[in-house]
Amino acid sequence: MALLCVTFIFDTQSSRAKEEMNHKGQINEQSIMADLWFQTSGEAQALYYQGYNIGTEKLKQALKKKYSKKPAVVLDVDETIVNNSPLDAKFSKVGQGSLNEKEWRKWIAKAKAKPLPGALDFLKEADRRGIDIYYISDRSDKTLERTMLNLKNIDAPQVTKNHVLLKRDHEKNKNRRRKLVAKTHQILLYFGDNLSDFEGFEYPTIKDRRNKVDKMKRAFGNKFIVFPNPMYGHWEKALYNGKTKISNEEKLKIRKSLLQGDE
């Protein structure tokens, strides 16, 4: 009897382990498609050029006006200026799923992320025109030295401690750092791959995020320039209503339930 119980428990645990591996594999396959689109599609490349081209034209128009404060632009770093997809793809390729904080810190320490299409042309044009450039990223402020090195390695301008503003441990968003820049500057443009890169978009649900986009629709392409990122971001957290501790099985169920297919 005892042997039968042990066998049953073992078989149950083994079955659950197999199911979890299957769920993890399905999540991983979905990540592969996101990585492939980002890395290989001409569409992704074109959208970055398009965003920075629009930004350049809007900057020229804005500079025809006079401001009481010095003009500035604010840009996110990851998937806005530099491309971290090789790290995400590394995990997808070997079937390990999402990357973790430890591996993320290792990647940042290498300071080898390449620039995204159009980013350097825009940054150098802004610098040439005397615009102050602020890099506001939610990378940990403990990575400041290596983040600055990466930006310098790609020849980004104005890479100083005063212009690279990273996230403190207690901070939940970028509001403090944006306000810090706004005290002394007229911010002409914001660039990012996540709605939270723009002030007023810290919302946890799909409905709230989309409603806010509708209300602010005239800002996009004028003051806010958005880049594509199917790999990660708050858009995914919104699928799960902000929940962070959720199993792969639950993720798959929620993802499929939210798809709007033809009946």
Side-chain angles (χ1 to χ4, degrees), residues 35 38-39 44 48 51-52 55 72-91 98-128 131-185 187 189-199 201-202 224-229 231-234 236-237:
D35 294 334
F38 193 84
Q39 291 187 336
Y48 275 94
Y52 279 116
V73 291
V74 169
L75 301 96
D76 178 45
V77 174
D78 299 308
E79 278 51 74
T80 297
I81 297 172
V82 299
N83 181 358
N84 302 292
S85 67
L87 178 63
D88 203 68
K90 171 187 173 182
F91 276 73
S98 301
L99 59 91
N100 55 55
E101 183 65 22
K102 182 179 178 181
E103 293 298 325
W104 174 236
R105 292 289 184 93
K106 286 182 180 180
W107 168 259
I108 291 174
K110 292 178 181 179
K112 68 175 188 178
K114 302 299 182 184
L116 286 157
L120 289 181
D121 288 340
F122 173 81
L123 291 170
K124 290 179 179 180
E125 177 68 12
D127 183 56
R128 186 184 71 78
I131 306 299
D132 278 357
I133 300 168
Y134 285 89
Y135 305 95
I136 300 184
S137 167
D138 274 348
R139 288 186 178 195
S140 167
D141 61 358
K142 295 179 179 62
T143 69
L144 178 61
E145 181 182 337
R146 303 307 291 182
T147 296
M148 289 178 60
L149 178 60
N150 199 156
L151 290 170
K152 289 178 180 178
N153 284 344
I154 65 171
D155 202 26
Q158 301 184 33
V159 180
T160 67
K161 289 184 178 180
N162 291 333
H163 283 250
V164 182
L165 308 178
L166 305 186
K167 187 178 182 181
R168 296 174 181 174
D169 287 341
H170 68 276
E171 286 187 304
K172 294 182 178 180
N173 53 49
K174 299 182 175 183
N175 285 342
R176 179 192 66 84
R177 287 164 284 160
R178 283 191 288 249
K179 289 177 181 178
L180 185 66
V181 176
K183 282 183 180 180
T184 55
H185 291 75
I187 302 175
L189 293 166
Y190 294 86
F191 296 76
D193 65 301
N194 195 332
L195 287 179
S196 62
D197 294 326
F198 313 112
E199 190 171 0
F201 284 91
E202 289 78 22
F224 301 154
I225 307 295
V226 187
F227 297 110
N229 183 357
M231 298 177 293
Y232 66 88
H234 289 171
E236 183 182 355
K237 291 182 180 179

For Phe91 and Asp35: C-alpha separation, side-chain torsions, deciding distance, then whether side chain to side chain contact (heavy atoms under 4.5 Å, CB included) applies. CA-CA 10 Å; Phe91 276 73; Asp35 294 334; over 6 Å; no
Aromatic contact between Tyr134 and His185, with the criterion being ring centroids under 6.0 Å apart: yes or no? yes
If you measure from CD on Glu199 to CG on Asn173, what distance do you get to the nearest 0.5 Å? 9.0 Å
Nearest heavy-atom contact between Val82 and Ala113 is CB-CB, 3.8 Å
Can you tell which of Lys174, Arg177, Lys172 makes a side-chain contact (heavy atoms from CB on, under 4.5 Å) with Lys167? Arg177
Might you point out which heavy atoms bring Gly51 and Ile225 nearest each other, and give the distance in Å? O-CG2, 3.5 Å
To the nearest 0.5 Å, what is the distance between CG on Leu189 and CZ on Phe224? 10.0 Å
Look up atom NE2 in His234 and atom CG in Leu195, then write down how far apart they are to the nearest 0.5 Å. 10.0 Å
Return the minimal non-hydrogen interatomic distance between Leu166 and Leu144, and the atom names on each side. CD1-CA, 3.5 Å
Counting only heavy atoms not in Glu171 (residues, nucleotides, ligands), do more than 12 fall under 6.0 Å from its CD? yes
For Arg105 and Glu101: C-alpha separation, side-chain torsions, deciding distance, then whether side chain to side chain contact (heavy atoms under 4.5 Å, CB included) applies. CA-CA 6 Å; Arg105 292 289 184 93; Glu101 183 65 22; 2.9 Å; yes
Of all heavy-atom pairs between Phe191 and Gly55, which one has the smallest distance, and what is that distance? CZ-CA, 4.0 Å
What's the separation between atom CD in Glu79 and atom CG in Asn84, rounded to the nearest 0.5 Å? 4.5 Å
Yes or no on side chain to side chain contact (heavy atoms under 4.5 Å, CB included) for Asp132 and Thr184, after CA distance, side-chain angles and deciding distance? CA-CA 11 Å; Asp132 278 357; Thr184 55; over 6 Å; no
Between Phe227 and Tyr48, what is the ring plane arrangement, given parallel below 30°, perpendicular above 60°, and tilted in between? parallel
Angle between ring planes, Phe122 versus Tyr52, binned at 30° and 60°: parallel, tilted or perpendicular? tilted
Between Ser85 and Met231, what is the shortest heavy-atom contact and its length? CB-SD, 3.7 Å
Is Asn194 reaching over with its side chain to a backbone N or O of Asp197, donor-acceptor style, under 3.5 angstrom? no
Between Asn150, Leu120, Leu123, which is the residue that forms a side-chain contact (heavy atoms from CB on, under 4.5 Å) with Ile81? Leu123
Nearest heavy-atom pair of Val164 and Met148: which atoms, and what distance? CG2-CG, 4.0 Å
Side chains of Thr160 and Asn162: is there a donor and an acceptor less than 3.5 Å apart? no
Atom pair OG1 (Thr147) and CG (Leu165), whose distance is rounded to the nearest 0.5 Å: 11.5 Å
Less than 4.5 Å apart, side chain to side chain, heavy atoms only: is that true for Ile131 and Asp127? no
Give a yes or no on whether the backbone of Lys106 and the side-chain of Arg146 come within a donor-acceptor separation of less than 3.5 Å. no
Before you tell me yes or no, could you show the steps for Tyr190 and Arg178 under side chain to side chain contact (heavy atoms under 4.5 Å, CB included), namely the whole-Å CA-CA distance, both residues' side-chain angles and the distance that decides it to 0.1 Å? CA-CA 10 Å; Tyr190 294 86; Arg178 283 191 288 249; 3.8 Å; yes
Supply the atom-to-atom distance Asp76 CG to Arg139 CZ, rounded to the nearest 0.5 angstrom. 9.0 Å
